[in-house]
S.K.: 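Before anything else, here's the structure in question.
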Amino acid sequence: MTTLVHGTDTLTRDALTVLQPGFVGTTAPDWLLRRIGEGLSSVGLFGRNIVSPEQLTALTAQLRAERDDVLVAIDEEGGDVTRLEVKQGSSFPGNYALGSVDDVELTRAVARELGRRLAACGVDLNWAPSADVNSNAENPVIGVRSFGADPDLVARHTVAYVDGLQGVGVAACTKHFPGHGDTNVDSHDALPRIDVDLATLHARELVPFRAAVAAGTKAVMSAHILLSALDPNRPATLSPQILTGLLRQELGFEGLIVTDGMEMQAVAATYGIERGSVLAIAAGADAICVGGGLCDEDTVLRLRDALVTAVRTGELPEERLADAAARVRALASWTQAHRVRGAGSVPGAAVQEGTAPGADIGLVAARRALKVTRGERPYTPMTSAPYVAAFTPVANFAVGEETPWGIAAELERLLPGTETGSYADASTEAVLAAAGERRIVAVVRDLHRHPWMTEALDGLVAARPDTVVVEMGLNEAEPRGALHIATHGAARVCGRAAAEAVVGTGA
C-alpha cells in the first residue's frame, strides 16, 4: 500500500473527490468508509455488490451514514447490461429494443421506472444511457446497447432516457463520448480507432451528444477510443481537444465529465492507470471511474497519490483538479436535493416487478419490441415441451457472463419439461441428437457476426424445418425457421415476450 500522502489537506481531499472507485462485497468495507470520511465523494457499484433490493438499500444507507452527500453510481443500462438484476436478467429491455419500437414516450417511461427503482435503493448516478450510434454492425461491445444506427433516432431516445432518469432525481451519465458505435474493437481489450472525417463525426457520432447536452444531462462519460480527425495521438478520455475543446467549449457542456473504466486495456495497457488518470483530469475529465476490475484500497491510494504528485510537480494544474472536484460536489448537491426514496413503500420493495404503478412497463416494452416473421409454412404454436438450443457467443466484459439470457426458463414456465443445451461451437448433428423428437427452438445472439453459428443454424433448419429461431442480438441476418422472432435484446423480459410468441399467447 502506498503511503505518500497523509492527512486530509485540501489537495488530498480534491484528489479523493474525483475518484469513483468500486469495492468487493455487499457491505462497505472499513477502508472505503474511512476514505469517504477523508474526502472520497463517489462510489461505484457493480453486480458483485448487489444481491437484493433490501441489501442494496442497506448498503447505500451505510455509505450515507458516513457522508450524506456521497454519490452512489451504478452501471444500470437495463437490457443486456444490468447490475440490479445481475443474477436474474433485467426487467427492462435495452436501448436496441426501445429504438426498434421508436416511441419516445415509452423510452421515457422505461427510464423513469428504472430510475425510480434505483432511487428507491439510494442510487443517484447512473452510468447510462448509451448514446452511441451503432453504425458498425460488427461492433463487439455496443450492439444492442445502442438505440440504433440512425443518429436522429438515437438522439431523440437519448433525450427521452435522460429526461426519464433525471425526472426522478437520478443523474444520467450519457456515454461513450464522442461515440463508440463505429468500432470493431472492444475498448476493454484494446484501443479502438475511428478514422472518419470531421463532417462524418458531426453528422453521426455527435448528434446524440449535442441533444443530450441540450437536454441537460448531468454527466457525460468519455470513451477510450482514438478519433484521428480530432486527436491523432491520444484516446478521447485523455484528449484536451476532445474533452475541453469539443465537449466543454464547442458543445457547451457544464456538467460532470466521467471517464470510462481506467483499468480498461485501451488506456491501461499504454499509459497505466496512474498516468492515465492524471492525463484524463488534465484533459478536462472531472471523475475517474475505476473498479470494474481493480477494486481495492491500494488502487484508490495509487490514484490519489498520482494526482497529488502531479500537482506538486506541476504536471497537473492545481486549479484544474480543484475545478474537477467542485463539479463532483455540485452534482452530489443536485442528487442530494432531488433524492427520491420510494415514498410509501417498504425500503427496496419498489424494485420488484409488479409492486408499483408502471412496474410492468419493461414487459410491455419488450412485447412491443418483438418482430415476428413467419416462414412459408403455417406456424403451429408449441403445446408440448421443446428442446432449446442456445448458441452462446463469448459475452463482452460490459455484459458479463453471470447474467442469464435466453428463453429456456420462460418456456419452462409455460411448457413444463422444456430441456435446454448451450453450444459454443456446435455442429448440427449434436443439436439434433440432443433434441431427439422434440421440436427445437434455436436461440442465437448476433448471428451475423459468428460463422460457426450460421453454419450450425442453417443445417438445423434444413434438417428440421419446423425449428423456431429466436435472435436476441442485432437483427442483421435474414430470418430463418418456421418462426423467426427478433427480440432486439437479451433481457429477461425479452425472453418472456419471445416465449409467449412461441406458444402463441403473444405476438
Side-chain angles (χ1 to χ4, degrees), residues 1-46 48-49 56 58-75 122-127 171 173 218-219 221 256-263 273-274 276-278 280-281 285-311 316 318 320-336 339:
M1 182 181 296
T2 53
T3 56
L4 176 65
V5 179
H6 300 277
T8 55
D9 58 276
T10 299
L11 178 57
T12 303
R13 293 189 71 87
D14 284 351
L16 283 169
T17 295
V18 302
L19 303 181
Q20 293 189 348
F23 62 95
V24 175
T26 55
T27 59
D30 289 342
W31 70 261
L32 183 66
L33 298 176
R34 185 168 62 253
R35 301 305 171 190
I36 290 173
E38 293 175 1
L40 187 68
S41 296
S42 309
V43 176
L45 301 181
F46 297 87
R48 62 175 179 257
N49 305 123
L56 176 56
L59 171 57
T60 59
Q62 182 189 17
L63 294 170
R64 292 209 169 90
E66 191 67 36
R67 179 174 178 172
D68 61 3
D69 65 343
V70 67
L71 277 169
V72 181
I74 198 169
D75 192 11
V123 178
D124 49 17
L125 171 59
N126 191 8
W127 294 319
C173 184
K218 292 296 178 181
M221 177 176 282
L256 190 76
I257 300 177
V258 184
T259 72
D260 208 344
M262 291 305 295
E263 67 268 57
I273 63 168
E274 295 98 328
S277 296
V278 169
I281 297 295
D286 307 305
I288 301 297
C289 175
V290 65
L294 299 174
C295 46
D296 55 13
E297 183 179 20
D298 186 59
T299 297
V300 172
L301 297 182
R302 286 164 59 197
L303 297 185
R304 179 201 67 182
D305 292 355
L307 292 167
V308 169
T309 299
V311 170
L316 175 63
E318 186 169 4
R320 170 76 274 272
L321 180 62
D323 173 65
R327 291 181 190 273
V328 174
R329 295 178 188 120
L331 181 58
S333 295
W334 183 88
T335 58
Q336 186 178 28
R339 194 167 297 145

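Quick caveat, the model's predicted, so the values are computed rather than measured. The figures here come from the full heavy-atom set of this structure, side chains too, leaving out hydrogens, waters and symmetry mates.
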S.K.: Partners of D323 by salt bridge (charged side-chain N to carboxylate O under 4.0 Å, His left out), sequence neighbours excluded?
M.R.: R320, R327
S.K.: Using side-chain heavy atoms (C-beta onward) and a distance below 4.5 Å, is K218 in contact with T335?
M.R.: no
S.K.: With rounding to the nearest 0.5 Å, note down the distance linking CG in L71 to CG in D124.
M.R.: 5.5 Å
S.K.: Output the distance between atom CD (E66) and atom CG (L32), rounded to the nearest 0.5 Å.
M.R.: 9.0 Å
S.K.: Nearest 0.5 angstrom please: L45 CG to T60 OG1, how far?
M.R.: 8.0 Å
S.K.: Quick check for you: to the nearest 0.5 Å, what is the distance between T17 atom OG1 and R304 atom CZ?
M.R.: 12.0 Å
S.K.: Taking the side chain as C-beta and beyond, is there a heavy-atom pair between W31 and V300 under 4.5 Å?
M.R.: yes
S.K.: Kindly indicate, with the supporting measurements, whether the criterion side-chain contact (heavy atoms from CB on, under 4.5 Å) is fulfilled by S42 and L19.
M.R.: CA-CA 7 Å; S42 309; L19 303 181; over 6 Å; no
S.K.: With rounding to the nearest 0.5 Å, note down the distance linking CD in E263 to SG in C295.
M.R.: 8.0 Å
S.K.: Can you list everything that forms a side chain to side chain donor-acceptor pair (under 3.5 Å) with E318? Sequence neighbours excluded, please.
M.R.: none
S.K.: How far apart are the closest heavy atoms of N49 and G44, and which atoms are they?
M.R.: OD1-O, 4.2 Å
S.K.: Carefully, step by step, assess L40 and R13 under the rule side-chain contact (heavy atoms from CB on, under 4.5 Å).
M.R.: CA-CA 7 Å; L40 187 68; R13 293 189 71 87; over 6 Å; no
S.K.: Determine the minimum heavy-atom distance between V123 and A73, stating which atoms define it.
M.R.: CG1-C, 4.4 Å
S.K.: Any ion pair linking R329 and D14 (charged N to carboxylate O, less than 4.0 Å)?
M.R.: yes
S.K.: Can you list every side chain to side chain donor-acceptor pair (under 3.5 Å) pair that touches residues 20-30, not counting sequence neighbours?
M.R.: Q20-W127
S.K.: If you look at every heavy atom in L331 and A171, which pair is closest and at what distance?
M.R.: CD1-CB, 3.8 Å
S.K.: Who are the side chain to side chain contact (heavy atoms under 4.5 Å, CB included) partners of A310, not counting sequence neighbours?
M.R.: V278, E315, L316
S.K.: side-chain contact (heavy atoms from CB on, under 4.5 Å) between T12 and E38: does it pass, once the steps are laid out?
M.R.: CA-CA 8 Å; T12 303; E38 293 175 1; 5.9 Å; no
S.K.: Identify, with sequence neighbours excluded, every residue that meets side chain to side chain donor-acceptor pair (under 3.5 Å) alongside D68.
M.R.: Q336
S.K.: Indicate yes or no: at least one non-hydrogen side-chain atom of S41 is less than 4.5 angstrom from one of V70.
M.R.: no
S.K.: Using the test ring-ring contact (aromatic ring centres under 6.0 Å, His included), find all partners of F23 that sit at least two apart in sequence or belong to another chain.
M.R.: none
S.K.: Does the distance from a Lys or Arg side-chain N to an Asp or Glu carboxylate O, for R35 and E297, drop under 4.0 Å?
M.R.: yes
S.K.: Rounded to the nearest 0.5 Å, what separation is found between the CE atom of M221 and the SG atom of C289?
M.R.: 4.5 Å
S.K.: Can you name the closest pair of heavy atoms from R64 and V72 and give their distance?
M.R.: NH2-CG2, 3.4 Å
S.K.: Going by heavy atoms in the side chains, are I36 and V43 under 4.5 Å from each other?
M.R.: yes
S.K.: side-chain contact (heavy atoms from CB on, under 4.5 Å) with C173: which of L125, I257, N126?
M.R.: L125
S.K.: Could you tell me which non-hydrogen atom of A15 sits nearest to which non-hydrogen atom of V308, and how far apart they are?
M.R.: CB-CG2, 3.8 Å
S.K.: Shortest non-hydrogen contact from A287 to I281?
M.R.: N-CD1, 4.4 Å
S.K.: If we only count heavy atoms from C-beta on, is the T259 to V290 side-chain gap below 4.5 Å?
M.R.: no
S.K.: Just to verify, what does E274 make a salt bridge (charged side-chain N to carboxylate O under 4.0 Å, His left out) with, not counting sequence neighbours?
M.R.: R302
S.K.: V18 versus D286: any side-chain heavy-atom pair under 4.5 Å?
M.R.: no
